[in-house]
Amino acid sequence: MNEKFLKPYDPSATEGRIYAAWEKSGLFNPDECVKQGMTKADAPAYSIILPPPNVTGILHVGHAYEDSLQDAVIRYERMRGKRALWIPGTDSAAIATQSRVEKDIQKEEGKSRHDLGREELVRRVAAFAKESEGTILSQVRRMGASLDWSRYAYTMDAARNTAVTAAFKRMYDAGLIYRGNRIVNWDPKGQTTISDDEIIYKEEQAKFYYLKYGPFTIGTARPETKFGDKYVVMHPADPRYAEWQNGQKIELEWINGPITATVVKDESIDMEFGTGAMTITPWHSMVDFDIAQRHELDKEQIIDEYGKLLPIAGEFAGMKLTDAREKIVEKLRMKGLLVKEEPYVHNVATAERTGGTIEPQIKLQWFVDVTRPFVIAHSEIPGIESGSSITLKMLMRVAVEHGGIQMPQEGFKKTYFHWIDNLRDWCISRQIWFGHRIPVWYGGEQMYVGTEAPGGEGWVQDPDVLDTWFSSALWTFSTLGWPKETSDLATFHPTAFISPAYEILNLWVSRMILMSGFHLGQIPFKTVLIHGLVRDRQGRKFSKSLNNGIDPLDMIDRYGADALRMGLLVGSAIGNDISFDENKVRGYKNFANKLWNIARFTLDNTRDTDPAAPFVPKDTEILVAHNTLTRDITNDMEEFRVYMAAEKLYHYTWHELADKILEQSKPIFSGKDAAVRTSRARLLITLLDRTLRLLHPFMPFVTEEIWQSMPTKDATFLMIAKWPEPIKSLLQ
RNA sequence: GCGCGGUUAGCUCAGCUGGUAGAGCGCUUCGUUUACACCGAAGAUGUCGCAGGUUCGAGUCCUGCACCGCGCACCA
């Protein structure tokens, strides 16, 4: 027996060495498995993508959970003999990365991005990204993730840029990307547009003001935006305002003097709220913008891009909004226009990344049109015929509705549909510099959309870059070589499943469905398994402010990656929040050592085992029970009940194999009956062999390390050994 | 306001298609015997949120309610 078994299992002395050996073997790559004869060339393909972590980020416990789950499944499928591919990658996370670097430069050099200029800033951001790329990748490796590194992709690399520009051009040509003046979420702090999903609403105590507006009393929470309000809107069925006609003009005294206002009747007004009458500020409010569009009203800008008042505000021009409010209210009071004020709680929209307060603005932006019909030339999506006319919105709905994409959790399916149904056009342009630049060039009155700059003089490229989710949305196929028609693409798309946190369902998952549907006529993945947030044992989110952060690497250092993986998987039913408890991880470290000692005992007592020794009835019974376990585990894995499989294996290994079978073996081995002894020796080695295989997807390191000492070893690595089939001769 | 999820042992959670309640940690007592003290044996602890209903039988299905969490909408 190898002397290493005389000491307790030491993950830190083992894991790095094992991972390096796996990586060196090239067997994470299914093509290599085929080449080495471990996998049949015509075996079914099974692929998943690693949700690309932020290139400048570090591994957090949510990643650790997803990595554990996906690695367990891909290792299982690989052992089942499939051509199993797990594609690694990282995300440039444009806004987050650029603002991080900008902040550093500001702090260290006192310079803004404008001092550096576009080219220099982009160079520095890219350099920073490249530099920190290795950190996250080494952390993913430490989890034991069996990713095919030869297919590594980065959302900003050349191949992905080709995919992004091709996607943009195709959608533009199909009329699904357009440029227009629309109201967008403007972040004055970040100086960019953001999407609805990047907004965080914060509750705020404020005041609600009732103002005299000619013959009306209007309610507002934002008197500082009211300078240009020249339309007063009410519900057409409101009896209080029955005497007023749509389009009627009235003269009234307003903040900075007399104005002419127009009465507008619109059904979107809530008669119950405030006085049932309001004035509108179309340039700075989504709802008001919609009303203005419907009635073709004038729109006027009040607030500039830095959150300051424009000259229309008269004496208040140039003031910041936050400073202006009280002063304006004071003036209204002086003029007798303030009827009353009351306390009020409302939600303020803030930018997720910068924390800046969102001020909606009308801007010339690029959009993906989700409601415009197009003809889908080729479709493999259930419920969508090739050649039929459809909108992107319908496509996203049908792909899930007709079961093309399985979302086993009904609750999330409803949330998804609800979101789809309320979807607006997707604003894809961002006013930052780091990202995929919009592939559009302007030359005087002309506009050119293409994958490369047009020939000739005088063309200027659009300064904006694309929303980072635009490139992420292509991920399932851009990583496989699209737009080229590669064999990878034909073999490995659609992918098998994705397991995102529910917060990313709309942001990413739905957009992958959109892009894959439009560009390939395929679904991006067959199943969506949504998981919850990882919480601490008090049920709190992990966050910096609570200082309850768990560093997965710290857990690995102390307990080993196998223990961390088990701690995250066991008890985490799909879809529920995941509770993280360090005690659990410690328990599974002990389990790894238990397995280690099972191996020690078994190897020590089975040195001269006759591999053909007949089994006595008692041992046959034990093998039958193990068959049942194997079937259970296999079924659980097929149904994505990874947490069940892991727990059952734990229970069997410790409380059956170790506590009962090994204990009962002690008197047998010291007994006189040779037939019983040889049967038992063969039994133990058989059980250990099969149990190691079953446990490998969950605890790859310790099982692999033991495997290397197994007399039954029939593959260079347990990683590519065969998943056990029930022993047929034992089945009744 | 609409919707989703949760409520099971002291703590954190499992319990798939309904059949006499489970795991880990913690707790109590005992134990160094061919592996493991990162261990073993034995044990205690639950009207499965509340109230009804369906059923021979419900933690599991249905209805209502309560509390907790989350999402969406409103936010003039």
Side-chain angles (χ1 to χ4, degrees), chain A residues 1 5-10 196 201 203-204 206 208-211 218-223 225-226 229 232-234 268-270 272-281 285 287-288 291 344-349 409-415 417-419 421-422 502-503 505-506 532-533 535-541 559-560 563 566-567 570-573 575-605 632 635-636 639 641 643-644 646-648 650-651 654-655 658-659 662-663 665-670:
Chain A
M1 187 180 58
F5 287 104
L6 299 177
K7 283 185 287 188
Y9 175 62
D10 180 2
D196 291 349
Y201 289 95
E203 203 167 82
E204 194 181 81
F208 194 73
Y209 304 92
Y210 290 90
L211 306 178
I218 57 147
T220 182
R222 306 203 60 191
T225 66
K226 297 275 127 194
D229 288 14
V232 58
V233 192
M234 58 216 69
S268 69
I269 299 298
D270 179 359
E272 305 294 317
F273 193 85
T275 59
M278 70 174 205
T279 60
I280 57 168
T281 314
S285 158
V287 180
D288 296 1
I291 293 172
Y344 178 65
V345 178
H346 71 147
N347 290 323
V348 176
Q409 299 136 292
E410 289 298 321
F412 289 120
K413 208 193 264 188
K414 278 190 188 170
T415 309
F417 286 144
H418 183 255
W419 183 79
D421 293 342
N422 291 295
Y502 55 67
E503 51 191 1
L505 182 63
N506 300 336
L533 293 170
R535 294 174 182 280
D536 71 5
R537 53 183 305 182
Q538 278 111 51
R540 302 174 308 182
K541 264 188 185 183
Y559 307 113
M566 286 294 279
V570 176
S572 299
N576 290 352
D577 283 345
I578 296 144
S579 73
F580 184 87
D581 186 351
E582 189 171 336
N583 284 330
K584 251 164 87 176
V585 180
R586 197 171 56 228
Y588 291 112
K589 177 188 196 288
N590 296 350
F591 178 55
N593 191 53
K594 190 73 181 176
L595 185 64
W596 187 249
N597 280 289
I598 290 170
R600 174 176 167 185
F601 179 87
T602 301
L603 294 174
D604 201 24
N605 283 287
D632 271 9
N635 287 339
D636 285 339
E639 305 286 330
R641 287 192 300 269
Y643 64 104
M644 284 294 305
E647 185 173 346
K648 282 178 191 164
Y650 169 85
H651 195 258
W654 199 313
H655 300 299
D659 290 350
L662 253 54
E663 287 304 323
S665 301
K666 291 175 185 174
I668 290 174
F669 287 134
S670 55

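In what follows, chains carry the letters A, B, and so on, assigned in the order in which the sequence lines appear, proteins first and then strands, with residues in each chain numbered from 1. Given the structure is predicted, the values throughout are model-derived calculations rather than measurements.
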Non-hydrogen atoms of A/Ala646 and A/Val570 that approach each other most closely: CB-CG2, 3.7 Å

C1'-based separation of B/G57 from B/G1 [nearest Å]: 41 Å

Separation of the P atoms in B/G59 and B/G18, to the nearest angstrom: 13 Å

Nearest-angstrom distance from the residue atom CZ of A/Arg641 to C1' of B/U17: 10 Å

Euclidean distance, atom CG of residue A/Asn590 to atom C1' of B/A37 [Å, nearest integer]: 10 Å

Rounded distance (Å) that lies between atom C1' of B/C39 and atom NZ of A/Lys589: 14 Å

P spacing across the pair B/U45 / B/U28, given as an integer number of angstrom: 16 Å

Pairing partner (Watson-Crick or G-U wobble, both distances under 3.5 angstrom) of B/C65: B/G49

Sugar-phosphate only, base, or nothing, as touched by A/Thr275 at under 4.0 Å among non-hydrogen atoms: nothing

Side chain of A/Arg586 - closest among B/C39, B/C72, B/C25: B/C25

Aromatic plane relationship, A/Phe601 with A/Phe669 - under 30° parallel, 30 to 60° tilted, over 60° perpendicular: tilted

Touch class at under 4.0 angstrom, heavy-atom based, for A/Phe591 against every strand present: nothing

Residue matched to B/U17 through Watson-Crick or wobble contacts both under 3.5 angstrom: none

Rounded C1' spacing from B/G24 to B/C38 in Å: 15 Å

Among B/U33, B/A76, B/G24, the nucleotide that comes nearest once only the side chain of A/His655 is considered: B/G24

5′-ward residue of the pair A/Tyr588/A/Asp659 relative to RNA chain B: A/Tyr588

A/His418 NE2 - B/G1 C1' separation (whole Å): 12 Å

Selected nucleotide, minimal atom distance to A/Met278 side chain, candidates B/C39, B/A14, B/A76: B/A76

Minimum-distance nucleotide (side-chain atoms of A/Phe601 versus B/C38, B/U34, B/G15): B/U34

Shortest non-hydrogen separation from A/Thr275 to A/Gly219 and the atoms involved: OG1-N, 4.2 Å

Touch class at under 4.0 angstrom, heavy-atom based, for A/Val287 against every strand present: sugar-phosphate

Given B/G71, B/A35, B/C38, the nucleotide with the shortest approach to the side chain of A/Ala658: B/A35

Nearest-nucleotide pick for A/Glu647, side chain only, options being B/A35, B/U34, B/A14: B/A14

Identified pairing partner of B/U54, criterion: Watson-Crick or G-U wobble below 3.5 Å: none

Options B/G71, B/C36, B/C25, nucleotide nearest the side-chain atoms of A/Asn583: B/C25

Nucleotide B/C16, atom P - distance to NZ of A/Lys648 in whole Å: 11 Å

Pairing partner of B/C25 (Watson-Crick or G-U wobble, both distances under 3.5 Å): B/G10

Nearest heavy-atom neighbours spanning A/Gly276 and A/Ile269: O-CG2, 3.5 Å

Among B/G15, B/C36, B/A23, the one nearest A/Asn593 by side-chain distance: B/C36

Residue mapping more 5' on RNA chain B - nearest nucleotide basis, A/Ser285 or A/Ser665: A/Ser665

Side chain of A/Thr220 - closest among B/A76, B/A14, B/C39: B/A76

Same-atom distance (P) from B/A35 to B/C16, integer angstrom: 39 Å

Distance in angstrom units between A/Met566 CE and B/C25 P, rounded: 12 Å

Flag side-chain contact, heavy atom, 4.5 Å: A/Met278 against A/Asp288: yes

Parallel, tilted or perpendicular, as decided by the 30° and 60° cut-offs, for the rings of A/Phe591 and A/Tyr588: perpendicular

Sugar-phosphate only, base, or nothing, as touched by A/Tyr650 at under 4.0 Å among non-hydrogen atoms: sugar-phosphate

Parallel, tilted or perpendicular: ring planes of A/Tyr9 versus A/Trp596, cut at 30 and 60 degrees: tilted

Pairwise C1' distance for B/G10 and B/C27, with rounding to whole Å: 9 Å

Check: A/Lys594 side chain, B/C36 base, donor-acceptor under 3.5 Å: yes

Pairing partner (Watson-Crick or G-U wobble, both distances under 3.5 angstrom) of B/C39: B/G31

Sugar-phosphate only, base, or nothing, as touched by A/Gly219 at under 4.0 Å among non-hydrogen atoms: sugar-phosphate

A/Met644 CE - B/G22 C1' separation (whole Å): 10 Å

Closest approach of A/Leu662 to A/Thr602 (non-hydrogen atoms, all atoms of both residues): CD1-OG1, 4.3 Å

Donor/acceptor link under 3.5 angstrom from A/Glu663 side chain onto base of B/A41: no

Shortest non-hydrogen contact from A/Arg586 toward A/Asn583: NH2-OD1, 2.7 Å

Selected nucleotide, minimal atom distance to A/Ala221 side chain, candidates B/A14, B/A76, B/G71: B/A76

Integer angstrom distance from the C1' of B/C13 to that of B/U54: 30 Å

Nucleotide opposite B/C72 in a Watson-Crick or G-U pair, distances under 3.5 Å: B/G1

Rounded distance in Å - CZ (A/Phe208) to P (B/A76): 7 Å

Sugar-phosphate only, base, or nothing, as touched by A/Ile218 at under 4.0 Å among non-hydrogen atoms: nothing

Euclidean distance for P, B/A73 against B/C2 (whole angstrom): 16 Å

